[in-house]
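Indexing begins at 1, ligand by ligand and atom by atom, following the structure's order.
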Amino acid sequence: MRKGLLFIISGPSGAGKGTIYNEVLKRRPSLKKSVSVTTRQPRAGEVDGVHYHFRTVDEYRKMIADGGFLETASVYENYYGTPAAPVLKMLDNGDDVMFEIDILGARQIKSRYPDSVSVYIMAPSMQILEKRLRERGTESAQSLSRRLGSALSELKQYKLFDYIVFNDDVKTSADKVLSIIDAEKCKIGVNEDKIQQILKENS
Ligand code: 5GP
């Protein structure tokens with residue numbers, strides 16, 4: 001069976017990547033979600049095994065030593081990583097998998113799986129990004145300027161990504177990500193086995 005495709009969603013905080021990720025998953029139930037492992041504390045309403053697998057630093061380090069991650073990164077003082085086993089199983093089943101990860105993780109996945117498809121979600125401008133972060137009200141002045149600085153330094157690495165979606169409206173942006181997924185699934189290379197099968201059946 002053809003292996004599934006890997007889709008990476010990344011972008012700076014405040015761009016809306018998490019909301020778009022959830023909207024895309026809601027509208028395309030056949031697309032599988034990768035549940036990350038993290039050492040950060042759960043936020044109100046977050047459920048272990050659903051939003052993240054919440055682990056201690058010691059447990060996390062043991063998983064690294066055991067080679068349990070496809071990628072791992074330290075983001076804002078906490079570890080975050082994609083557990084290898086469930087993703088490899090989904091791909092082997094022929095399921096397409098989507099990750100929402102930071103740029104360090106995106107780089108690792110891209111170098112390990114060059115055929116993975118990466119989408120960068122950005123606000124339409126730095127001013128809008130700043131406005132969204134301010135309105136979220138979760139950042140101190142120091143954290144706000146650090147996040148804006150990270151956003152610019154990430155954007156300079158734009159060549160790592162295959163696509164960029166400027167998010168000025170969640171629904172339209174989710175439509176665009178779904179169009180990207182559909183186009184990638186229609187690529188000749190992705191459908192070669194099926195084409196060969198039809199040719200063989202009719203030769
Ligand atoms: P949050 O703590 O707000 O849920 O996520 C913080 C950051 O960690 C976000 O930029 C998110 O994309 C990133 N992140 C979440 N899961 C993973 C993961 O498995 N690997 C990597 N590299 N980053 C992740």
Colleague: Rounded to the nearest 0.5 Å, what separates atom CG in Asp115 from atom CD in Glu184?
Modeller: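 Asp115 CG to Glu184 CD: 9.5 Å, rounded to 0.5 Å.
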Colleague: Tracing side-chain links under 4.5 Å among I, L, V, M, F, W and Y, which residues wind up in one group with Val35?
Modeller: none
Colleague: Name the residues in contact with ligand 1, where contact means a heavy atom under 4.0 Å away: which are they?
Modeller: Lys17, Ser36, Arg40, Arg43, Tyr52, Glu71, Ala73, Val75, Tyr80, Gly81, Thr82, Glu100, Ile101, Asp102, Gly105
Colleague: Looking at residues at least two apart in the chain, or sitting in another chain, which of them share a salt bridge (Lys or Arg N to Asp or Glu O under 4.0 Å) with Lys89?
Modeller: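 Salt bridge (Lys or Arg N to Asp or Glu O under 4.0 Å) list for Lys89, sorted by chain: empty.
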Colleague: As an exercise, state the distance from OG of Ser118 to CZ of Phe7, rounded to the nearest 0.5 Å.
Modeller: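 So the gap between those two atoms works out to 11.0 Å.
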Colleague: What residues join Ile64 in its hydrophobic cluster, counting side-chain heavy atom gaps under 4.5 Å, either direct or through other members?
Modeller: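 Members alongside Ile64: Val37, Val57, Tyr60, Met63, Phe69, Tyr79.
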Colleague: I'd like to check Tyr21 versus Phe99 (side-chain heavy atoms, cut-off strictly below 4.5 Å). Are they in contact?
Modeller: no
